Amino acid sequence: MGIITRAFLFSLWILLLTGSSLQANYVFEPYSKLDNDSLEQLLTENISVSGKVDILNKLAERYIHSQADKTLSYSQQALSLSTNIDHPAGQAKSKVILGRYNHFIRNDYKQAIFWYSEGLNQYRELGNLKKEAIAYVLLALSYEKTGEVDLCMESYHCAIGLYQELGDLRGQAGAWNNMGNISSWKGNYDAAMDYFQQSIKACQDLGNLHCEALAIDNLGQTLVKQASFHQALKANLDYLKIAEQLSEPLMIAGGLEKMGTLFLYLEDYDKAIEKYEAALILFREHGEPWQIAQILNDIGLYYAKINREQQALKHFREALELVAEDQVRSVPPLSNLGDIYFERGEYTLAMNTYKKVKRLGEQHFNDRTISWCLAKIGKTHAAMGKFDQAIDYYLRGVDLATQNGNINLLDELYAQLNEAYTITGQFEKANHYLQLYVEVNDSIMNIEKNRQIREMEAKYEYEHHQKAIEHLHAKTALLEKENEIHLLQIEKTNYLIIILVITLALILLAFLMIVLFWRQHKIKSREKTILLRQKLLRLQMNPHFIFNFLASIQGYIYEKKPAEAADYLSDFANLIRLYLENSRHEFISLKREINGLKYYLNLQKLLLKRKFSYEIAIDPEINQSDFEIPPMLAQPFIENALEHGISGSDQHGKIMVQFQLRQGQLFFEVQDNGTGIPQQKPVISNGHESLAIKITQERLDILNRGKKVKISMGVQEMINDSREIKGTKISFRIPYKKVS
């Protein structure tokens with residue numbers, strides 16, 4: 001199954017997982033059982049405006065997949081009416097429906113993000129955690145479509161936090177699964193495996209076999225990407241057991257198809273074609289054309305492997321005919337056709353095919369497809385002797401593969417660049433890419449070596465476990481035999497004593513195992529906490545900030561302003577002292593946190609020559625000495641706003657920090673009027689902001705463990721009435737914690 005196809009199915013799956021929740025949240029009880037004609041008739045009658053808003057929203061939702069123009073009209077009417085009568089719940093619902101319309105009907109994902117964000121903010125203000133979680137899931141799906149992976153993952157994290165608060169295992173399972181798919185797609189396989197395992201556990205706790213099967217299937221596909229084919233085969237067998245238990249022919253066919261692909265990788269071609277043909281029979285009987293096309297594409301790959309090109313071409317073309325109108329599903333057979341043309345020396349056909357696949361990748365924001373096509377187009381140019389054009393495509397492929405972290409493609413591209421530059425006599429550049437190739441190849445070798453070590457360790461543990469079981473079985477058999485002898489020789493009391501001794505021994509063994517597990521878990525948890533504190537301290541003590549500040553102090557000394565230099569140096573010393581002291585504590589008083597922010601912002605005003613102003617607003621009901629919060633939550637985001645949002649802008653910058661007490665919780669918000677997230681995109685994807693979000697989320701994960709009411713974080717762009725970005729707001733919701 002191709003990457004683009006899987007991405008579509010994953011998005012569809014998460015919608016199905018949340019479908020019951022969506023339906024439950026959008027039903028207005030008095031009208032839920034009426035058909036569409038009856039609801040439209042009600043609109044003409046004398047009912048309340050709020051009731052009319054609910055009916056309009058209900059109709060807009062029902063028509064989204066049948067008459068999209070009605071969905072747009074009704075949702076816009078509902079939004080207008082609910083705004084006029086100040087009906088926040090109606091407004092929020094209308095905005096989410098408009099987001100779904102733009103996402104699923106118009107494929108305008110940027111506009112969908114705008115409406116989802118608007119609806120999400122209103123649900124947050126209403127305190128409706130369930131609808132807020134669903135809005136985060138929908139927002140994540142749109143961010144995935146636009147390629148904004150960090151924001152996508154952040155949205156899923158927020159959704160999971162809310163689902164955990166609600167005790168909603170179904171929502172958690174769906175979000176974990178999608179996060180696993182995205183991590184796998186980005187090449188972060190360890191994280192992907194962890195996410196899938198969490199999804200599987202949640203599905204098992206739910207008793208939802210369909211959900212569990214899909215998560216197992218995704219885990220198996222990730223193992224395939226790591227070339228762990230035997231482990232993937234085991235996961236595939238688990239998937240097939242569930243499919244057979246559910247008696248679903250299409251699930252069985254899908255499992256057989258993947259098993260055939262695994263045997264293909266293992267070069268067991270007889271078993272591969274056997275599984276493929278069995279899957280094809282089921283797909284022809286019960287499947288859709290795109291599913292038949294998928295298995296035909298796999299059979300084409302089988303024939304390509306055994307060098308039967310004509311048969312391979314036949315199956316690829318037949319697959320392409322079945323999905324010719326589907327831009328996403330036509331990518332795999334098209335790409336494979338290009339490969340066959342290339343191997344046969346039909347370079348013009350290969351070139352045209354690769355370029356068509358590249359265009360499809362661009363239309364659907366699939367960077368990995370684009371980067372692979374760039375490499376293949378470059379290779380085709382090289383085969384035609386057009387090395388200048390080949391180098392141009394190789395370099396574009398390197399840029400994209402570097403952004404994606406696709407080291408396997410980088411390995412291939414560096415080798416091809418070395419060859420192309422050598423042929424064209426550019427030996428210095430050839431040598432440069434040879435060195436890069438060696439470095440990346442060493443990295444791949446290390447990854448492969450580590451994978452092999454892990455597999456060997458897993459195999460050793462498995463064999464050791466099997467031996468222990470065999471030994472235990474032998475020992476148990478011996479005890480049973482002795483017991484039988486004793487039953488003939490001793491009284492009932494002696495038999496009870498033996499049972500008691502065995503029971504006590506088992507209890508002691510279980511106790512020892514629990515103690516050992518607990519100690520190991522405690523050591524790992526302590527190591528993770530220490531590492532996170534070190535990361536946090538490095539994030540706060542930014543060498544660039546320290547260097548610039550000392551340079552400014554030096555300027556005051558040269559200008560013979562010792563008093564100013566001394567004051568600022570004192571503030572700097574106080575700030576460093578606070579950093580070092582606060583980093584040792586999970587929670588500090590609100591007063592200490594505010595003092596640290598003031599020192600930091602005053603020093604930044606010195607560095608930026610007072611290009612910005614700030615305000616720290618504190619709810620009068622808050623006693624700063626009574627509240628405790630995690631230290632240094634806001635400073636990394638303030639630094640990013642100053643360096644990448646305000647310093648490069650002509651307008652006067654503003655930083656607003658607010659602390660409010662609502663519903664027994666502390667709401668902590670940091671808002672700036674910088675250039676917003678899209679303008680800072682390179683920084684977010686590769687720089688300080690991404691690291692700040694990651695470390696902060698890791699801290700919150702640790703702090704939230706075992707707590708019913710959890711600390712949550714949100715990132716929001718500030719948009720005015722003209723839909724222009726006017727800054728960024730970071731929000732924290734912190735449960736009340738009083739200083740002991």
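Small disclaimer: the values here were computed from a predicted structure and weren't measured.
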I'd like to check the ring pair (Phe, Tyr, Trp, His ring centres under 6.0 Å) partners of F263; sequence neighbours left out, ordered by chain and number.
none
Over 60° means perpendicular and under 30° means parallel, so tell me whether Y195 and H157 are parallel, tilted or perpendicular.
perpendicular
For N352, all residues meeting side-chain hydrogen bond (donor to acceptor under 3.5 Å, both in side chains), sequence neighbours excluded
none
Filter on salt bridge (charged side-chain N to carboxylate O under 4.0 Å, His left out), then keep only pairs touching residues 330-341, sequence neighbours left out; what's left?
D339-K376
Of all residues at least two apart in sequence or in a different chain, which pass the side-chain hydrogen bond (donor to acceptor under 3.5 Å, both in side chains) check with Y74?
E40
Tell me, please, which residues at least two apart from S75 pass side-chain hydrogen bond (donor to acceptor under 3.5 Å, both in side chains).
none
Test the K70-Y63 pair against the cation-pi criterion, namely NZ or CZ under 6.0 angstrom from the six-membered ring centroid and within 45° of the ring axis.
yes
Keeping to residues at least two apart or across chains, list the salt bridge (charged side-chain N to carboxylate O under 4.0 Å, His left out) pairs with something in residues 233-247.
K234-D238
Determine yes or no for a side-chain-to-main-chain donor-acceptor pair under 3.5 angstrom, with N36 supplying the side chain and R62 the backbone.
no
Not counting sequence neighbours, which residues clear salt bridge (Lys or Arg N to Asp or Glu O under 4.0 Å) with R308? List them please.
none
Indicate yes or no: at least one non-hydrogen side-chain atom of Q111 is less than 4.5 angstrom from one of W115.
yes
Nearest atoms (heavy-atom pairs only) where G220 meets A232:
O-CB, 3.6 Å
Would you say T71's side chain and A60's backbone share a donor-acceptor pair under 3.5 angstrom?
yes
Residues E212, K201: salt bridge by 4.0 Å N-O rule
no
Which residues satisfy the salt bridge (Lys or Arg N to Asp or Glu O under 4.0 Å) test with K358, sequence neighbours excluded?
E362
Holding to salt bridge (Lys or Arg N to Asp or Glu O under 4.0 Å), I want the full list of residues that pass it with D194, two or more places apart in sequence or in another chain.
none
Close side-chain approach of I182 to C152, heavy-atom, < 4.5 Å:
yes
Identify every side-chain donor-acceptor pair in residues 269-277 under 3.5 Å, counting partners at least two apart or on other chains, and give the distances.
residue	atom	partner	partner atom	Å
Y276	OH	T261	N	3.2
Y276	OH	T261	OG1	2.8

Dump the intermediate steps for salt bridge (charged side-chain N to carboxylate O under 4.0 Å, His left out) on R329 and E288, then the final yes or no.
CA-CA 12 Å; R329 294 190 174 103; E288 299 292 333; over 6 Å; no
Basic-acidic side-chain contact under 4.0 Å: E61, R100
yes
Tell me, please, which residues at least two apart from Q291 pass side-chain hydrogen bond (donor to acceptor under 3.5 Å, both in side chains).
none
Kindly say whether Y101 contributes a backbone atom to a donor-acceptor pair with the side chain of R106 at under 3.5 angstrom?
no
Determine the interplanar angle of the Y116 and H103 rings, folded into 0 to 90°, and report it as parallel if under 30°, tilted if 30 to 60°, perpendicular if over 60°.
tilted
Considering residues at least two apart in sequence or located in another chain, which fulfil the salt bridge (Lys or Arg N to Asp or Glu O under 4.0 Å) criterion with K355?
none
